[in-house]
Amino acid sequence: MSGKKVAVNQGGAGEYLLLKVLEKENISSYKVQRVYLSPNDAAPALYQGSVDAWAVWEPYISIAQLEHQARRITTKHPAPTYSIMVVRGDAAKENPVAVKAALTALSEDGEWLNQHTNAASDFLVKELKISDTVAKQVTKNRGPESYVFPNTEDITKLQKTADWLLEQKIIPQRVDIATAVCPLETTAAR
């Protein structure tokens, strides 16, 4: 990868993934040129040869492999990642029961989809307008997903990730994760 151009989304999961892979392989991040592009711009840049690689997530991985003959260069994720749902602070304070009910419903839907992978694939075909073949691979590659109310351990892990991102100069200032999550009385049950 040394000397190559890699498309990433600035400050996002793609850049995090790239830097963690480079760290794991003991390659200086300065030996790779990061090209900051959104997924919609990165895909054509890769397919047309403007960049050498793309650090990205599903469904883009499966689309690139199955529809554009891209080759996956890593199959193991080097670090945990999180999808984070956000709610305005005042909305969480004013409607803690609704916030908890919404996340509980999403968690139940997610668990149902984990148990019904064909339905999950069908959903991806319909909602993302991707082929059935790509949707099946996406579902297989992603594995089970869960939506949880953050506990102390989750907050500690997220803080560690945020601090690492600051050390890498991906984010401009320290983020205090504990003050950014919904109040624990909203999310006490797991």
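Linking ILVMFWY residues whenever their side-chain heavy atoms come closer than 4.5 Å, directly or via other members, leaves L165 and V56 in distinct clusters. Residues L37 and V32 do not share a hydrophobic cluster, defined by chaining ILVMFWY side chains whose heavy atoms lie under 4.5 Å apart. Under the 4.5 Å side-chain heavy-atom criterion for ILVMFWY residues, a single connected hydrophobic cluster contains both I171 and L158. Residues V51 and I73 do not share a hydrophobic cluster, defined by chaining ILVMFWY side chains whose heavy atoms lie under 4.5 Å apart. Cluster annotation: I61 is not connected to L17 through the hydrophobic network of ILVMFWY side chains, with a link wherever side-chain heavy atoms come within less than 4.5 Å.
The aromatic rings of W164 and Y16 stand perpendicular to each other, their planes meeting at an angle above 60°, with 30° marking the opposite boundary. Aromatic ring orientation, H116 versus W112: parallel (interplanar angle below 30°, classes split at 30° and 60°).
Counting only heavy atoms from C-beta outward, the side chains of V6 and W54 never approach each other to under 4.5 Å. Under the 4.5 Å side-chain criterion, counting only non-hydrogen atoms from C-beta, L124 is not in contact with P59. Taking 4.5 Å as the limit, every side-chain heavy atom of K140 sits out of range of all side-chain heavy atoms of E58.
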Does L46 form a side-chain contact (heavy atoms from CB on, under 4.5 Å) with H68? I'd like the steps, not just the answer. CA-CA 10 Å; L46 177 69; H68 299 278; over 6 Å; no
Between Q159 and D176, is the side-chain contact (heavy atoms from CB on, under 4.5 Å) condition met? List the steps. CA-CA 7 Å; Q159 187 65 59; D176 183 359; 4.0 Å; yes
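Here the CD1 atom belonging to I130 is positioned 10.0 Å from the CD atom belonging to Q137, to the nearest 0.5 angstrom. With rounding to the nearest 0.5 Å, the separation of NZ in K4 from CD1 in I27 is 12.0 Å. Separating the NZ atom in K24 from the CG atom in L22 is a distance of 12.0 Å, to the nearest 0.5 Å. Taking OH of Y36 as the start and CG of D41 as the end, the distance is 15.5 Å to the nearest 0.5 Å. We find the CD1-CG distance between I170 and L19 to be 4.5 Å, quoted to the nearest 0.5 Å. The distance from atom CD1 of I63 to atom OG1 of T133, rounded to the nearest 0.5 Å, is 12.0 Å.
Taking each heavy atom of Y147 and S107 in turn, the nearest pair found is O-OG, 3.2 Å. Considering all non-hydrogen atoms of both residues, G14 and W57 come closest at N-CZ3, 3.8 Å. The minimum heavy-atom distance linking V99 with A92 is given by the pair CG2-CA, 3.9 Å. Nearest approach of S50 to K5, heavy atoms of both residues: O-CD, 3.6 Å. Shown here for P144 and N114, the closest heavy-atom pair between the two residues is CA-OD1, 3.3 Å. Closest heavy-atom contact between A55 and V8: CB-CG1, 3.8 Å.
Checking side-chain atoms of D154 against main-chain N and O of N151 turns up a donor-acceptor pair under 3.5 Å. Although no hydrogens or angles enter the test, the distance criterion places no donor-acceptor pair under 3.5 Å between the side chain of N9 and the main chain of S38.
Within a 6.0 Å radius of OH in Y47, more than 12 heavy atoms belonging to other residues, nucleotides or ligands are found.
Under 4.0 Å is where a charged nitrogen must lie from a carboxylate oxygen, and between K126 and D122 no such pair does.
If you check the side chains of T139 and T117, you find no donor sitting under 3.5 Å from an acceptor.
The side chain to side chain donor-acceptor pair (under 3.5 Å) with E15 is formed by just one residue from the set Q168, Q10, R34; it is R34.
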